[in-house]
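What you see below is based on every heavy atom in this structure, not just the backbone, and it leaves out hydrogens, waters and symmetry mates.
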Amino acid sequence: MRTFKYVMIGALMLGIGTPALAQTGDPKADTETITKMIKNKAGDLADQTKKYAKKYKKNTDVLLAMSKAFYEVKDTANARIMAENALKANKKCAKAFIILGDIMALNEDGGAAAGQYQQAIYFDPKDPEGYYKYANVYKKVSPSEAVAKLEELRTHRPDIAVDALAGRIYYTSNKFGNAIDCYNKAWEQKDKMEERDIRDYAMAYYLTGKAANAFEVAKFGLTKSPRDAAFNRLAFFTSTDLKQYDQALAYADALFNKSDSAKFSYFDYTYYGNALSGVKKYDEAIASFKKALDQEFDSKDKKAGVIKTLSDAYSNQENYAEAIKYYEQYLAEYSTPTATDYAGLPQLYYYLASKQTGDEMIASLKKSDELYAQLGEKYADAAEYATFWRARVNNAMDNDQQNGYAKPYYEKMIQLYSERTELNNSDRARLKEAYLYMISYEARVADNMEAAKVQAQKLIEIDPENAIAKQVLGM
């Protein structure tokens with residue numbers, strides 16, 4: 001009796017530990033059961049699959065559900081078998097052809113996938129899924145021909161937003177201009193557009209630099225889904241780009257604190273820092289940029305870009321020592337710095353010197369001069385720019401021009417410009433500065449008024465109303 005009792009207890013315990021998998025006879029309930037088993041990869045899945053497939057061999061809905069479940073867990077072999085079983089039950093089952101097309105597309109056999117989608121269209125010409133998926137695989141060959149396929153749908157389903165589907169094809173092909181053209185047509189009935197198409201429409205504008213248009217589309221998207229992270233992010237980014245910083249910060253708050261399932265990247269924190277900088281909240285901006293640097297980056301150059309932005313924020317605060325530290329880090333991290341990039345560092349040392357006195361100031365100016373010299377040697381195209389700034393830096397080191405530190409550099413500028421037949425506004429401004437220095441040096445330091453008048457005459461030729469030149473020539 002006791003043995004029988006323990007056997008019964010053991011049997012009950014086994015029953016409790018094993019989920020009930022019996023077929024109910026209810027197709028809906030059985031579909032939920034078998035699809036859950038497929039997704040959870042149950043231990044006896046093979047046997048259960050055979051049982052359900054046999055029981056529902058005439059029920060295409062159950063077979064298709066099983067096929068989709070297998071496809072979702074990347075078991076394409078069983079997904080194919082279930083789809084083919086559905087076709088045995090109904091050779092005109094369009095959805096089965098779509099699944100077969102999906103399997104072939106997953107295996108990167110676009111031609112075969114398109115053939116299956118064409119079959120789906122043939123047997124159910126009113127179902128938009130076959131048209132869209134056909135176009136989606138064909139877009140790799142020709143986006144325009146893929147869109148032409150969608151035009152066939154318009155004749156069967158005038159209620160479908162075909163222009164939006166066409167926009168979707170162009171958008172996923174990175175043809176943003178074409179996508180915008182299609183979405184513009186769909187926008188005439190924007191209330192019928194799907195949210196994903198509204199997002200893509202806004203993104204297409206954003207990616208082509210049309211921030212104002214992107215903002216308007218994103219704002220409409222928010223009327224449909226105010227807690228959507230993508231719409232709040234786009235409204236935030238585009239407001240920042242449009243320099244509407246107070247508005248941008250409101251959308252930033254919506255993104256960070258009032259959006260569903262939002263995940264944040266370095267890009268979000270960088271934009272947030274930019275918006276905070278825009279309202280001169282530099283301490284908060286710096287904190288945001290540093291938070292951006294704690295995120296994952298998919299390239300060193302992108303991280304370098306954020307480091308430079310952090311340097312710029314310190315520069316805006318006139319904290320040039322920190323700006324220099326991060327700018328040097330930026331140059332070390334960035335893979336292909338240009339002459340313009342290198343020119344930023346001596347500029348920061350020049351600004352730092354403007355906040356210093358005595359030996360500290362001279363040390364910063366000497367470092368600036370050294371870096372400008374390296375710039376001119378490294379980049380031939382930047383030699384003129386470097387010479388001009390070496391003139392300014394050396395002049396800043398020279399109290400009352402007594403040592404003439406800047407003289408050789410301004411003389412070099414005059415020589416360079418005298419060899420040109422035409423001067424632009426920037427050239428004229430630099431040349432004017434060079435002549436003014438030479439006039440002052442000759443008159444005050446060298447005590448040579450005749451030489452000062454020669455320089456004044458040259459200045460008059462490019463700036464006839466210059467008061468200083470007139471005064472010197474009248475002496």
Side-chain angles (χ1 to χ4, degrees), residues 171-174 176 203-204 206-209 211 214 229-230 232-234 236-241 243 245 248 252 255-256 261-278 281-352 364 367-368 370-383 385-386 389:
Y171 179 81
T172 54
S173 301
N174 293 328
F176 303 123
M203 275 299 296
Y206 172 72
L207 293 170
T208 52
N232 277 314
R233 178 175 283 110
L234 278 164
F236 161 39
F237 284 5
T238 51
S239 294
T240 304
D241 289 342
K243 302 188 186 321
Y245 298 119
L255 171 64
F256 289 119
S261 305
K263 294 181 180 180
F264 309 117
S265 72
Y266 77 91
F267 216 54
D268 297 313
Y269 295 112
T270 302
Y271 255 98
Y272 190 41
N274 289 337
L276 288 165
S277 292
K281 293 183 177 181
Y282 296 123
D283 288 335
E284 292 177 55
I286 286 167
S288 190
F289 292 136
K290 288 183 175 179
K291 194 166 186 177
L293 289 174
D294 290 335
Q295 310 307 306
E296 290 186 6
F297 290 82
D298 54 13
S299 78
K300 285 184 65 177
D301 282 354
K302 289 179 181 177
K303 185 173 183 178
V306 178
I307 293 170
K308 182 181 181 301
T309 305
L310 178 56
S311 173
D312 293 342
Y314 275 118
S315 181
N316 288 333
Q317 262 191 330
E318 297 188 355
N319 185 345
Y320 297 117
E322 285 296 298
I324 287 168
K325 181 180 82 172
Y326 284 103
Y327 202 93
E328 288 175 336
Q329 188 179 338
Y330 158 66
L331 291 176
E333 292 268 352
Y334 191 41
S335 62
T336 55
T338 65
T340 301
D341 293 318
Y342 280 115
L345 187 57
Q347 190 81 72
L348 286 173
Y349 273 104
Y350 181 75
Y351 292 150
L352 175 62
S364 293
K367 183 64 176 179
S368 179
E370 175 189 334
L371 291 169
Y372 275 124
Q374 291 174 7
L375 175 67
E377 292 169 3
K378 187 177 180 67
Y379 297 97
D381 290 345
Y385 174 85
W389 272 100

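- The minimum heavy-atom distance linking Leu310 with Lys290 is given by the pair CD2-CG, 4.0 Å.
- For the pair Asp341 (side chain) and Thr338 (backbone), a donor-acceptor distance under 3.5 Å is present.
- Asp301 approaches Glu333 most closely through the heavy-atom pair OD1-O, 4.1 Å.
- Using a 30° and 60° split on the angle between ring planes, Tyr342 and Tyr379 fall in the tilted class, from 30° to 60°.
- With values rounded to the nearest 0.5 angstrom, Lys300 atom NZ is found 9.0 Å from Lys303 atom NZ.
- The environment of CG in Asp381 is sparse: at most 12 heavy-atom neighbours from other residues, nucleotides or ligands sit within 6.0 Å.
- Thr208 places a side-chain N or O within 3.5 Å of a backbone atom of Ala204 that can act as its donor or acceptor partner.
- In this structure, OH in Tyr266 is found 5.5 Å from CG in Asp298, a value given to the nearest 0.5 Å.
- In terms of modelled atom types and a separation under 3.5 Å, the side chain of Ser368 and the main chain of Ser364 share no donor-acceptor contact.
- Scanning for salt bridge (charged side-chain N to carboxylate O under 4.0 Å, His left out) contacts around Glu370 gives Lys367, with sequence neighbours left out.
- Counting all heavy atoms, side chain and backbone alike, Ala262 lies closest to Ala229 at CB-CB, 3.8 Å.
- Atom CZ in Arg233 sits 7.0 Å away from atom CZ in Phe264 (nearest 0.5 Å).
- Within the 4.5 Å cutoff, no side-chain heavy atoms of Asp294 are placed close to those of Tyr269.
- Aromatic ring pairs are classed by plane angle as parallel below 30°, tilted from 30° to 60° and perpendicular above 60°; the pair Phe236 and Tyr272 is perpendicular.
- If you look at Tyr314 and Tyr327, their ring centroids are not closer than 6.0 Å.
- By the 4.5 Å heavy-atom criterion applied to side chains, Trp389 and Gln347 are counted as neighbours.
- Between Tyr171 and Phe176, the ring center distance clears the sub-6.0 Å criterion.
- At least one side-chain heavy atom of Gln317 sits under 4.5 Å from a side-chain heavy atom of Ile286.
- The line from CG of Asn319 to OH of Tyr351 is 15.5 Å long, rounded to the nearest 0.5 Å.
- A donor-acceptor contact shorter than 3.5 Å links the side chain of Gln295 to the backbone of Lys291.
- Taken from OH in Tyr282 to OG in Ser277, the straight-line distance is 6.5 Å, to the nearest 0.5 Å.
- Closest approach of Ala321 to Leu352, counting heavy atoms only: N-CD1, 4.2 Å.
- The pair Asp312-Lys308 meets the salt-bridge criterion, with a side-chain N (NZ, NE, NH1 or NH2) lying under 4.0 Å from an Asp/Glu carboxylate O.
- The shortest non-hydrogen separation linking Ala343 to Tyr385 is CB-CE2, 3.9 Å.
- Remark: the backbone N or O of Ile307 is not paired with any side-chain donor or acceptor of Ser311 at under 3.5 angstrom.
- With rounding to the nearest 0.5 angstrom, the CG atom of Leu345 is 5.0 Å from the CG atom of Leu371.
- Note: Tyr326 and Tyr330 fail the aromatic proximity criterion, with ring centroids not under 6.0 Å apart.
- Asp268 contributes a side-chain N or O that, together with a main-chain N or O of Ser265, makes up a donor-acceptor pair within less than 3.5 Å.
- Taking every heavy atom of both residues into account, Ala339 and Ala382 meet most closely at CB-CB, 4.2 Å.
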